[in-house]
Structure formats: C-alpha cells, structure tokens
Protein chains: 2
Amino acid sequence: MTAGRRIYWRFASSAHRVLLAVIFSSIVLSPVIADVSPPRFQLMPAPASLRLGDGRLLITQTFSVGISGYKEARLERAARRFIQNLSRRTGLPISFHLSEPMKSTLVIHAEHASQPVQELDEDESYTLEVTSSSANLAAPNPLGVLRGLQTFLQLVQVTPEGFAAPAVRIEDKPRFPWRGLMIDVSRHFMPIDVLKRNLDGMEAVKMDVFHWHLSDNQGFRIESKKFPKLHELGSDGLYYTQEEVRELIAYARDRGIRVVPEFDMPGHTTAWFEGYPELASAPGPYEIERRWGVFEPEMDPTREETYRFLDKFTGEMAELFPDAYFHIGGDEVKGKQWDTNPKIQEFMRAHGFKTHRELQEYFNAHIEKILSKHHKHMAGWDEILSPGLPKDIVIQSWRGQKSLAEAAKQGYRGLLSFGYYLDLMHPAFEHYSVDPLGDEAGLLAPEEQRLILGGEACMWTEYVSPENIDSRIWPRTAVVAERLWSPQDVQDVDAMYERVEAVSGELDELGLTHRTSEMRMLRRMAGTDDIAPLVVLANVVEPLKEYVREEEAKKAGIELSRDDALNRLVDAVPPESETARRFARRVNNFLAGDSRGGAAEAEIREQLTAWRDNDAPLEPLLQRSHLLQELEPLSQKLAALGNAGLQALDYYDKGERAPAEWTALELSFIEEAKKPQSDLLLMIVPSVQRLVESVTAANNTP
Amino acid sequence: MTAGRRIYWRFASSAHRVLLAVIFSSIVLSPVIADVSPPRFQLMPAPASLRLGDGRLLITQTFSVGISGYKEARLERAARRFIQNLSRRTGLPISFHLSEPMKSTLVIHAEHASQPVQELDEDESYTLEVTSSSANLAAPNPLGVLRGLQTFLQLVQVTPEGFAAPAVRIEDKPRFPWRGLMIDVSRHFMPIDVLKRNLDGMEAVKMDVFHWHLSDNQGFRIESKKFPKLHELGSDGLYYTQEEVRELIAYARDRGIRVVPEFDMPGHTTAWFEGYPELASAPGPYEIERRWGVFEPEMDPTREETYRFLDKFTGEMAELFPDAYFHIGGDEVKGKQWDTNPKIQEFMRAHGFKTHRELQEYFNAHIEKILSKHHKHMAGWDEILSPGLPKDIVIQSWRGQKSLAEAAKQGYRGLLSFGYYLDLMHPAFEHYSVDPLGDEAGLLAPEEQRLILGGEACMWTEYVSPENIDSRIWPRTAVVAERLWSPQDVQDVDAMYERVEAVSGELDELGLTHRTSEMRMLRRMAGTDDIAPLVVLANVVEPLKEYVREEEAKKAGIELSRDDALNRLVDAVPPESETARRFARRVNNFLAGDSRGGAAEAEIREQLTAWRDNDAPLEPLLQRSHLLQELEPLSQKLAALGNAGLQALDYYDKGERAPAEWTALELSFIEEAKKPQSDLLLMIVPSVQRLVESVTAANNTP
C-alpha cells in the first residue's frame with residue numbers, strides 16, 4: 001500500500017458511519033446515473049475494514065495469478081475459476097496458467113492447509129491489498145483465499161481507463177461462522193445443476209453452509225443402498241444418486257461450503273413409509289404426500305426396530321456426508337398417530353410420559369446416541385431442545401431469537417432462521433433487519449452470545465420450481481449473507497439496496513436465473529414477445545406474503561398440491577417490486593419536500609399516467625390466455641390507482657383540500673385494492689394512499 | 001382426423017400461396033397484438049403440407065406418450081426430452097413415463113430402425129395428426145419421429161382455454177437431405193456445452209448435420225492419441241478429449257444429427273506444425289497463429305512421410321467419427337511455401353505440374369485414396385474439385401451456385417454455403433433468399449439437381465466468443481434451416497420474420513443465449529443496470545457487414561487477433577436490428593399511404609423524438625466507461641438523424657418542399673452517417689433518408 005488518502009474506513013465502527021454512507025449509499029432513482037464520480041464500492045457482504053489507497057489496478061488480458069506459500073489442487077482450481085469469472089466480468093480473454101508469484105498481477109498466499117473436512121470454526125479471514133501495480137491476497141488457510149477472491153471480483157469496475165480494481169487494503173473476517181442456505185428438495189425436486197448454480201451464488205456472497213433438506217412427507221430424495229425402497233418408492237424417481245451427492249459435496253468444498261444433510265424425523269416422514277411402513281406409528285399403507293401442510297404420519301419411537309433401522313440408515317449417510325453435523329429436523333410433531341396407537345400409548349404410560357414432547361425427547365435422545373456413535377453432532381429445529389441432551393448439539397430456530405437465547409442460557413448452540421424464511425416473500429430490508437444477536441439474544445452475556453453460531457436462509461419449496469427458485473433465493477439471500485458476515489452496524493438500507501443490485505448482476509453473470517426467468521415466464525403466459533403492458537403490471541405486484549396463499553386457497557375450497565402448475569403471474573414475479581419500492585421513495589421525498597410542480601412531481605405523474613393508461617393495451621393480451629384472464633381486475637385496479645394518484649396531485653398542486661366524498665370514495669377503493677387478488681398484492685397502493693391522504697382536510701391546507 | 005374445414009394447405013403449391021399467407025403472415029408493428037383471432041401457426045421450418053382440423057388438443061398435466069411399433073432407447077430418450085420441453089413450454093408439471101399406446105395422449109410409431117450410423121439419404125418423413133382428443137405421430141423410422149416431435153412442440157400455443165395444439169394433419173419431409181451448421185472452433189474455442197446447446201437449437205429447426213471445423217491456423221482442437229503434440233502444442237490447452245467427442249456424437253445422434261469433422265489441409269495448418277514442423281513445406285519453427293487472415297504455412301504434398309502421417313491420423317479420426325463423410329477443407333491454398341521450397345519446385349517439374357492447383361490435386365487424390373481406405377467419402381470446399389476424383393466426393397461451395405452447377409454437370413455432388421455465412425452479419429431475409437437450386441443451379445437438369453444435397457450455415461469465429469456465438473447463429477440459422485427443409489415456394493418474408501420471432505423464443509427456452517447475452521454485455525460495458533439510453537442506441541445499430549471490420553482495422557493500422565477482447569458494442573448487438581427493420585416498414589407504409597397527421601405518423605414522430613432526445617441522457621453513461629466512449633459520435637448522429645426526420649415530417653405535413661439548402665445539408669449528413677463508426681452501422685439511416693427525400697422538390701409538391 002503506497003501513501004495516499006489513508007482514510008481508515010472501518011465498516012464496523014459507528015464513528016465512521018458517515019464515511020461508510022459515502023461509499024455505500026446514493027440510490028439513484030432516475031434511470032440514468034448522471035455522475036461521473038469515482039466508482040462506489042459494491043462489496044456485498046461489506047468487509048470488516050477497508051482502507052482506500054491511491055489509484056487503481058487496471059485489469060488487462062495479461063492479468064496473471066501466482067500462488068506462494070501453501071499449495072493444493074483446490075487453490076489452483078479456485079484460481080482458475082477466478083480467472084474465468086474475471087474474464088466474464090470484463091469480457092477480456094484472460095487465459096489461465098499459474099505464473100511465478102514475483103511476476104503475477106495477483107499473488108495468493110495461504111499459510112497452511114485447511115482441515116480435510118471443513119470445520120465450523122475454521123479461520124476464514126483474509127487480507128487483500130490492491131495497489132496500482134499488483135494485488136496480494138493473504139490468508140491463514142485456503143478458506144480465506146476463497147473469500148478474498150470473491151472480494152476482488154466485486155472490486156472490479158468499468159472506468160474511463162479500462163476495467164480496474166481501486167487500490168485498497170481490506171482486512172476481513174466473518175462475524176458468524178455458520179452462514180447457511182437451506183433448500184427443501186422434497187416438496188419440489190431440484191436437479192443437481194440447480195443446486196450447483198446456487199452454490200456458485202453462495203460462494204459469491206461468502207456463505208459457508210448448504211443445508212440440504214433431503215426428506216419430507218412429499219419425497220425422499222437420496223439413494224440409499226441399504227434401504228433402496230426409500231428412494232425407489234419415496235421419490236417418484238426424482239432423487240440424487242450417491243455419486244451425485246459426492247460430486248456436489250466436492251463442488252461445495254471447492255467453494256468453501258460445508259454440506260449438512262437433513263433427514264426430518266420423526267414427523268415429516270410420509271415418504272419413508274411408502275417403502276417401509278413398519279417404521280410408522282400406524283399400519284398404512286402410505287403414499288407420497290402431494291399436498292402441502294403438516295401431516296399425521298410419524299415414526300414409531302417405541303420400537304427397537306425403528307432405531308436399528310435408523311442406526312443403519314444414518315450410518316450409511318454419515319459415511320456419505322463428511323460434515324460433522326447431521327440435521328434430524330424434529331419439527332412439527334403432532335403426535336396424532338401416537339395417540340391412536342394403543343401400543344404407543346401403553347409405552348408412554350409405562351415410561352411415565354405424559355406428553356408427545358416427552359416421547360419425542362426419548363426419540364431424540366436415542367437418535368443423538370446413534371449419531372454420536374457415527375461421529376456426528378446432532379442439529380435440529382427448535383423442538384429438539386431438551387435439557388438432557390449433550391451440549392454439542394445445534395438448535396436451528398424458526399421461532400426466533402428468544403428461543404435461541406433460552407437455549408444459549410442452557411449452554412446450547414444455536415442458529416437463527418426465524419426472519420430468514422425466503423418462501424414468506426418478505427422484502428430484502430426485512431431480512432436485513434433481523435440479527436441473530438437481536439432482541440433477546442442481544443441481552444445474553446458475551447460467552448452466551450458466542451453460542452449463537454449464525455443463521456440460515458431457508459427456501460421451502462411449496463411454490464418453488466427449478467424455473468423460479470433462483471428468483472426466490474436471489475438476490476435476497478445476499479442480504480442475509482451480509483447480516484451474517486459483516487459487522488453488526490452495517491445497516492444502511494438504501495446502500496444495501498444499491499449493492500444488492502450490483503450483486504444481483506454478478507449472480508446473473510454466474511448463471512443464476514433470477515433475472516431471466518421472469519420475462520421468459522411472462523412471454524409464455526402471453527404467447528407472444530410483445531408483452532410491454534404485461535410487464536408494467538408485473539412490475540408493481542408481489543406474491544402474497546407469509547401463508548396467505550394457502551389461506552386464500554382454503555377460503556376458495558381449493559386443495560393445493562404438487563400437481564399445481566407454477567406458471568401464473570404469482571410464480572413469475574420476484575418477491576419484491578423494485579418499481580414499487582422506488583415509487584414509494586419518490587412519493588415520500590416529494591411529500592416531504594413539498595415542491596409543487598417540480599421535476600419530482602413530473603416523474604410521479606408520468607408513472608401514474610403510465611399505470612392509468614395501461615389497462616387498454618393490456619386487455620386484449622389478457623383475453624388471449626387462460627393464464628392471464630385472472631389478471632383483469634388487477635389491471636383495472638392499477639388503472640384506477642393511477643387515476644386516483646393523478647387526481648390527488650391535481651388537488652395538491654392547487655393547494656386545495658379534496659372534497660370529502662372524493663376522499664372517502666378513493667380511500668375505500670384503496671382498502672379494496674389492498675386485498676389479495678390472483679394471489680398477488682398491488683404494491684403501489686400505500687404510496688397512492690399517501691398521495692390521497694396528503695390532500696385530505698388536515699394536510700393540504702395552503 | 002375428423003371432418004371439418006378440410007382446406008388443404010399445401011405449403012409448396014403456388015396455387016395456395018394466398019392461404020399460406022393467411023396462416024403465416026401479419027407482422028404486427030405495434031407493441032401489442034390487439035387481435036384475439038385463433039392462433040397463427042408458428043412452425044419453422046414450414047411443413048410440406050398441413051391440413052387444419054376441428055378444435056384443439058388441450059395440453060394438461062396428464063399428457064402422456066406411448067410408443068407403438070419399433071422401439072429403441074433413443075426413442076424413449078426422445079420422448080422424455082419431448083415431455084421436458086413440453087413442460088418448459090407450458091410450465092405444467094408433466095411427469096414422464098411411457099404409457100400404453102391405447103391410453104396415451106400422443107402415440108409415436110416408427111415402423112423400423114434407422115441406420116446404426118445415420119446416413120445421408122435416410123427417410124426423415126413423418127405424419128402428425130392431432131385431433132381434439134389425441135395425437136399420432138408416425139414415421140418410417142426414428143428420424144421422422146424426432147422431426148415430428150419438434151413440429152408438435154411448435155404447435156403448442158396458449159389459448160383462452162389452456163395450452164393447446166390445434167387439430168391438424170401434417171405430412172412432412174425435407175426438401176434437401178443435408179441441412180448443416182458449421183462451427184469453427186479453431187479461431188475461438190467453444191466449450192462442449194456451447195456446442196450442445198447449439199445442437200439443441202439445430203434439432204428444434206430440423207437440421208441434420210453438424211460440421212465441426214476442428215483445425216485451422218489458429219488452433220488444433222481435438223485430442224490425437226497417435227500424434228499427441230497436435231493438441232498438446234497446437235491448442236493452448238483448449239481442445240476436446242476423445243471422450244468428449246464421443247459424447248457429443250452420441251448427443252447429436254440422439255437428435256438425428258450427423259457429425260462431420262473437418263481437418264483443413266494442406267493450407268490452414270499452422271497449428272499442426274508447432275508439434276510436427278516436418279509436415280510443413282518450410283522448416284519453421286511454427287507457432288499457433290493468433291492473427292486473422294490467410295497464412296503461408298502449408299503441408300508438403302511431395303513427401304511420402306506427409307501421407308504416412310495423414311494415413312495414421314485420418315485412420316484414428318475415421319474410427320472416432322462414425323459418419324461416412326470426412327471433410328478435408330482444402331480452401332485458400334496460396335502455394336507461397338511451395339514456391340520457396342526448392343525440393344517442391346523440383347518435384348513439380350518432375351511431375352510436370354505447372355500450377356499450385358495441380359500440386360493440390362495431386363495431394364487431394366492421395367488423401368482421397370487414404371480416406372477411401374478408411375471407408376470415408378471425402379468432402380471439401382470448392383477448391384478440391386478436379387475431374388480425376390471419384391464421384392462419391394462432396395463439394396461444399398463458398399463460391400456460389402455456379403460452382404455447384406459446374407460440379408453437378410461433371411457428376412459431383414454439392415452443398416451450398418455461399419450466402420449462408422453467418423459471420424458476414426447479413427440480415428435473415430438475405431439468407432432466406434438464397435436457394436441451393438437458385439441461379440445457375442436452377443438451370444440444371446433434374447437428375448443433375450438431385451446432386452445438390454443441400455447446404456450449411458457457416459459460423460466462422462474471428463469475432464465470436466462463447467458469450468456471443470448464439471446471437472450470431474440464432475435465430476438467423478432457422479431461416480437457412482427452413483430454406484433447406486421447406487418447399488421452395490415458401491417465400492413470404494414478413495411471415496418468415498414473424499415465425500423467426502416465435503422460434504427465437506423457443507430457442508431461448510432451450511437455453512440458447514442469443515437473447516440474454518446482449519443485455520448482460522451492455523450492463524457490463526456500462527457498469528450499471530440503468531442502461532435505458534444505451535439500449536436505445538444499441539437497438540438501431542448493427543455490426544459491420546462482410547469483411548469491413550478487417551478493412552477498417554487495416555486502415556487504422558491495427559492488426560486484429562485472438563487477443564482482442566470481444567466486449568464492445570459491435571460484439572454485443574445482434575446482426576440484425578429489429579427496431580430498424582420495423583421502422584423501415586413503418587416509414588415505407590406511411591409514405592406509400594400518404595396519410596398526413598395520422599396514427600402512423602404519430603408513431604414515427606414518437607420514435608424519431610426518442611432518438612433525437614437520447615444523446616443527453618446517454619452522454620454521462622458513455623463518459624464512465626472506456627468501452628462506451630467510442631460511441632459518442634454515433635449517439636450524436638442518432639440525435640441528428642432523429643432531428644432530420646422530424647424536420648422532414650414538418651415539411652411533409654405542410655405539403656411544402658423543403659428548402660434546397662436544408663435538403664443538401666441533410667443529405668450530405670446522411671451520407672456521412674452511413675459510414676462505419678466504431679465498427680457499427682446506424683441502420684435507420686435509409687429510412688430517415690427516405691423521409692428527407694420525400695420532401696425534396698420532386699416529391700412533396702402539394
């Protein structure tokens with residue numbers, strides 16, 4: 001690092017938040033970035049510390065990589081992948097060969113090997129120094145190198161002189177050691193290539209655990225050689241061979257990602273029972289479940305045969321999955337089958353068990369011993385926690401930080417997934433605001449806080465197919481990754497959204513389909529490429545949140561299942577409307593600034609006019625397709641909202657109160673427009689409401 | 001086929017051209033298709049005959065396929081792939097299993113096996129009958145089934161009732177037996193996955209020959225076990241292993257595609273000589289050529305060792321490639337090395353050879369014997385033709401139909417590639433107008449015409465990378481495919497463009513990147529997602545045609561080579577501007593209709609205004625990036641063209657002649673704007689010129 005602007009931008013220090021804002025902020029609302037200022041950093045997750053140097057390192061065709069220090073094949077593959085990605089980011093034909101460190105543009109230096117099987121507490125820190133002539137990436141072990149290479153890629157930007165990385169010194173390490181993504185491949189099977197591209201995405205944002213939810217009521221997705229009827233009868237033929245599993249684990253290891261398998265038990269097990277009904281608590285026969293929900297079939301925890309089976313089965317899987325952790329699920333055990341099985345009832349009486357919970361604790365204790373014998377630490381959802389279990393287990397909480405805090409107080413380690421459920425379709429800023437050490441966990445003593453290992457974003461797949469999974473996971477998972485990697489006080493939401501956009505482009509380059517699949521699906525719905533008015537509508541809606549899609553179906557007397565096609569607008573649009581978010585910002589700024597008739601108002605009017613006038617061209621398109629017909633009311637509501645907003649602006653401009661009848665009418669329509677329609681929400685409603693309310697009696701007096 | 005509208009639409013019959021136009025035409029200029037008429041057929045290539053029935057076959061989740069008649073694993077794989085594609089086209093979760101023919105939605109019936117190695121003259125015909133309750137696909141052998149499955153997929157459209165295929169009876173077969181695509185993997189290496197997705201594209205448009213240009217001055221791209229220095233020293237490490245080659249051949253066979261390898265000789269052979277300089281006519285040493293052009297290194301045709309080497313080498317390759325044809329290139333032999341090698345000169349004198357051509361004929365005759373020994377028919381470019389060769393050879397003509405006609409008159413078979421060179425960046429309609437039996441070939445006697453086997457689209461890759469190759473090949477290659485498959489009188493250009501759009505969407509669904517890569521490249525150039533004004537400019541430019549890019553570089557004293565990055569606007573935009581094409585149609589219709597002040601004029605004005613006003617927002621974007629700075633003059637010219645067009649319309653509306661000075665000034669600017677700039681052409685210039693000329697003295701007199 002040469003001399004120069006030695007401003008020390010420590011991301012984690014609140015004293016430097018202003019500087020941080022300078023680097024990471026300034027969302028641009030207009031479609032054109034009009035400034036030619038030096039590029040902003042678009043790192044995500046933000047590093048622990050960054051110091052800006054002088055100048056920039058130009059990236060040219062002759063860019064080369066050398067490895068000094070510890071060497072291994074994985075590092076060389078990482079360097080090769082890095083060069084491929086650098087080529088892709090720049091379009092430069094950079095060829096890969098390891099060059100002498102002294103002559104290399106980028107020198108990679110790891111001090112020693114990482115563990116043969118990646119461990120939870122391994123050091124992932126690195127130091128990246130870029131000068132105008134070269135770059136150095138140093139780390140204790142290859143994991144830090146993998147992380148630093150991703151940082152370097154994110155530094156590369158186009159400039160008037162060429163592609164370049166700014167001169168910086170970055171010292172970086174993660175805040176939490178467990179930064180995971182869970183994918184449910186049971187409800188909808190995801191082919192290996194879908195998983196691979198998602199591992200690529202995880203690597204880009206420095207996540208380190210792939211949690212593979214491999215079995216559930218709706219499917220058993222892995223080949224078992226010991227119990228072949230598990231996959232033969234439990235999967236509709238959609239399962240991973242053991243060879244594919246090994247390949248995926250190797251693929252993940254190359255990217256510094258651990259693979260933790262989950263076999264949910266004793267509930268969520270219908271798919272096991274088609275092949276092995278004797279494991280269940282009721283006689284069967286069983287069929288793979290195709291519907292969604294929580295179902296009755298549960299393993300029989302009272303029979304020794306169940307444990308002999310699970311011992312053999314987990315033994316087989318423990319050998320296949322090298323990771324030290326093994327997830328047994330353990331959630332949502334309702335005990336209905338237990339209640340109706342006289343033998344189980346007798347067993348409970350004999351053991352003095354009064355609740356299902358006690359019986360599940362008995363089960364968990366057995367399973368824990370089995371796993372321990374196979375050298376695995378047990379992981380499970382909140383429900384597995386019980387005081388008798390050893391302290392090496394890990395509790396994954398879908399319930400919240402309170403649950404984690406309680407576990408930590410008893411000495412148990414935990415992971416947060418509450419607040420990180422991707423299927424609930426929440427916007428990025430909500431996930432961003434959730435901290436594993438927030439709420440009750442924030443009140444823990446430091447040594448208890450250390451038991452909170454991190455968290456996992458969870459992708460449950462009721463309404464998720466290989467076609468739309470990427471848009472459900474990305475880019476929102478990047479903000480979870482930042483929350484788990486970056487210092488706690490990296491919190492600026494506007495800056496986050498700007499960096500999310502950059503990382504989203506990077507993920508698109510890597511082959512993730514979160515950006516491209518929507519347009520493809522819209523064209524399919526319409527049966528034509530000329531879908532401009534459909535895009536206008538699609539841009540302002542979001543899928544229903546939480547579990548409202550189920551509730552709406554229930555109201556309508558429809559039973560949802562895997563047989564439903566996921567080809568409607570609700571399945572195509574991303575969870576978060578960028579257009580609505582930007583519009584809300586515009587309206588808020590406009591109302592705060594109170595600048596009647598200015599450019600901001602003109603922009604808002606233009607947008608409202610486009611919405612008002614969109615129904616006429618959209619209508620004929622909707623008529624052509626069974627998939628679009630349901631959108632007619634939405635399209636009409638959008639037009640009415642555009643109209644209402646424009647009328648409100650007219651009153652606003654005149655400094656007039658709107659007539660009471662008009663206000664009442666519009667506000668009642670707005671309430672109507674907030675309701676779910678075709679499993680979608682019109683996301684501009686609150687902004688239009690603000691405009692309308694701004695001209696009610698109390699507000700728009702001149 | 002039930003009774004009903006038994007209109008016989010024979011595509012090839014000129015008597016039915018009007019009906020044909022009804023089915024296949026009506027280009028829609030406005031962004032919205034406003035009619036809700038029954039769907040038009042979007043078949044490409046158009047079938048030989050199609051008869052419309054009553055109703056439509058709805059496609060649902062329960063769609064099933066059964067195979068009656070001849071069975072083989074390839075047919076089952078084809079059926080599985082068909083179901084996957086049908087799922088993708090509809091978004092319906094259709095699961096694959098072969099069902100009983102009696103209970104299947106679609107029954108496939110092949111009478112007998114096809115040849116173990118696909119042959120040139122195999123029957124590819126099929127009959128596809130769709131009724132409102134089921135579909136039957138019958139063919140003499142599996143090749144016809146493969147073709148018919150693609151037709152079925154193209155029949156599926158979205159309707160108000162659901163996805164459906166109209167009731168039809170299609171009897172179809174190709175016009176020519178050799179419908180190929182050549183890809184040059186020497187100048188730029190294309191990874192196997194790039195080739196595979198292009199084979200998928202070929203299957204979709206019923207092409208049947210992949211011509212693999214495997215060696216050239218710039219690289220030797222295949223593993224040779226007998227002469228390993230060929231790939232080790234001749235490829236920069238970028239070559240296909242023999243295992244990959246076998247895999248690709250199997251992949252192609254599954255799609256009814258033959259694989260014909262080309263090893264260009266005795267010229268275009270620099271890459272061979274790095275490992276084996278003794279093959280050359282001058283001592284060397286040699287290095288892989290990185291520049292473009294025609295180079296001196298040539299094999300020494302006078303030494304017996306050359307033939308011993310080639311015998312062993314072609315023997316190895318003949319075993320690897322099962323196809324009966326083996327392409328030896330043979331083009332552009334300059335003989336410079338032969339002239340300067342005294343031994344070769346002496347040899348020529350001794351044999352009485354006066355020209356290089358005679359020496360090359362001597363070489364070809366030897367090679368032909370060697371290939372014949374290895375059971376291969378020789379294929380080569382125009383230059384290999386000489387009367388002494390046996391009649392089983394095939395001449396591929398880059399020179400034109402005249403050359404083919406001459407060969408045919410001598411009894412030689414031929415293929416047309418003249419007019420199908422994709423790298424020359426011609427618009428689709430030009431390729432469409434080229435017929436293997438056009439011009440001189442059209443004058444041949446019927447039995448001579450039968451010697452014209454078809455043609456090949458050729459993708460030479462000087463400026464083509466894995467990133468932009470799909471947009472160079474597709475969708476234009478689909479129109480070559482149609483020319484080679486469909487009856488000769490399928491010629492309606494507007495209808496062709498409409499169907500090209502549909503097929504382009506289908507190719508996008510299959511994973512081809514011709515649609516998605518442009519935006520990705522534009523975003524990379526700009527370093528931001530907010531590229532709206534850049535897209536406006538990109539939409540009206542095309543890459544330079546023919547070899548003008550080279551000529552421009554030469555003028556500027558620049559030597560182009562493989563080291564150049566292909567990341568500029570010229571590399572990103574498609575060969576044909578859809579916007580400019582549509583604008584030209586609008587302007588022509590407007591001027592022909594002479595409807596002052598109507599909707600057509602308003603649309604033209606809107607477009608011109610957008611161009612006139614685009615420079616201001618684009619300018620700051622251009623300043624930010626070294627890749628965009630060169631576009632400043634183009635952007636200014638676009639603005640000026642928009643302005644000129646608007647002024648012309650003002651005169652037009654007033655029924656005034658434009659002042660002579662104005663006209664002179666604008667027309668001279670227009671001439672200037674026609675010149676290449678940044679290797680691009682502004683494609684709206686001719687339309688603006690028409691507008692300006694419409695108000696010159698002679699035209700706009702009231």
Side-chain angles (χ1 to χ4, degrees), chain A residues 28 30-36 39 61 88-93 95 97 157-163 188 236-237 465 467 501-502 504-505 508-509 515-516 520-521 523-533 562-568 571 617-618 620-621 623-629, chain B residues 28 30-36 39 61 88-93 95 97 157-163 188 236-237 465 467 501-502 504-505 508-509 515-516 520-521 523-533 562-568 571 617-618 620-621 623-629:
Chain A
V28 177
S30 91
V32 188
I33 291 179
D35 72 76
V36 284
Q61 275 93 319
R88 192 150 41 188
R89 293 225 82 185
T90 59
L92 295 169
S95 62
H97 58 275
Q157 292 181 322
V158 76
T159 78
E161 285 76 44
F163 287 99
H188 277 99
D236 289 321
S465 69
E467 183 172 55
E501 189 178 307
S504 173
D508 174 70
E509 278 170 21
R515 283 188 168 180
T516 43
R520 216 167 269 148
M521 292 173 80
R523 287 194 292 258
R524 182 172 67 200
M525 279 175 237
T528 171
D529 286 357
D530 293 321
I531 54 169
R562 188 156 64 221
D563 298 327
D564 301 319
L566 299 175
N567 60 2
R568 294 161 61 221
D571 304 305
L618 181 52
L621 210 57
Q623 295 312 322
R624 286 170 43 141
S625 162
H626 68 296
L627 291 172
L628 296 182
Q629 282 162 350
Chain B
V28 177
S30 92
V32 188
I33 292 178
D35 72 78
V36 284
Q61 276 94 320
R88 193 151 40 189
R89 294 224 82 185
T90 59
L92 295 170
S95 62
H97 59 274
Q157 292 181 321
V158 77
T159 78
E161 286 76 43
F163 288 99
H188 277 98
D236 289 320
S465 68
E467 184 172 53
E501 189 177 308
S504 173
D508 174 70
E509 278 171 22
R515 282 189 169 180
T516 44
R520 215 167 270 147
M521 292 174 81
R523 287 195 292 259
R524 181 172 68 202
M525 279 175 234
T528 172
D529 286 356
D530 292 321
I531 53 169
R562 188 156 66 219
D563 298 327
D564 300 319
L566 299 175
N567 59 2
R568 295 160 62 221
D571 304 305
L618 180 53
L621 210 57
Q623 295 312 321
R624 286 171 44 143
S625 161
H626 68 295
L627 291 172
L628 296 182
Q629 282 162 351

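Since the structure is predicted, the reported quantities are computational estimates derived from the model, not experimental observations. Letters A, B, ... are given to chains in the order of the sequence lines, protein chains preceding strands, and every chain is numbered from 1. All values below were derived from every heavy atom in this structure, side-chain atoms included, with hydrogens, water molecules and symmetry-related copies excluded.
Looking at B/M521, neither its backbone nor its side chain comes within 4.5 Å of chain A, counting heavy atoms on both sides. Using a 4.5 Å cut-off between heavy atoms, B/D236 does not touch chain A at all. For a residue to count as touching a neighbouring chain, one of its non-hydrogen atoms must lie under 4.5 Å from one of that chain's; by this rule B/T90 touches chain A with the backbone only. At a 4.5 Å heavy-atom cutoff, the contact between B/L92 and chain A is made by backbone and side-chain atoms alike. Proximity to chain A is limited to the backbone of B/A526, based on heavy atoms less than 4.5 angstrom apart. Proximity to chain A (any heavy atom under 4.5 Å) is restricted, for B/T516, to the side chain, taken from C-beta onward. Contacts between A/L627 and chain B at a heavy-atom distance below 4.5 Å involve the side chain alone, from C-beta outward.
The most heavy-atom pairs under 4.5 Å with chain B, out of A/P160, A/G237, A/G505, come from A/P160. Taking B/Q61, B/H97, B/Q629, B/R520 one by one and counting their heavy-atom pairs under 4.5 Å with chain A, the maximum is reached by B/R520. Across A/L566, A/L628, A/D563, the residue that shares the most heavy-atom pairs under 4.5 angstrom with chain B is A/D563.
Minimum heavy-atom separation, A/R524 to B/R88: NH1-O, 2.8 Å. Shortest non-hydrogen contact noted between A/A565 and B/G91 is CB-O, 3.5 Å.
Partners of B/R515 under the side chain to side chain contact (heavy atoms under 4.5 Å, CB included) rule, at least two apart in sequence or in another chain, are A/R523, A/D529, B/E501, B/S504, B/D508.
Taking 4.5 Å as the limit, some side-chain heavy atom of B/V158 sits within range of a side-chain heavy atom of A/H626.
One distance of note links CZ of B/R562 with OG of A/S95; it measures 10.0 Å at 0.5 Å rounding.
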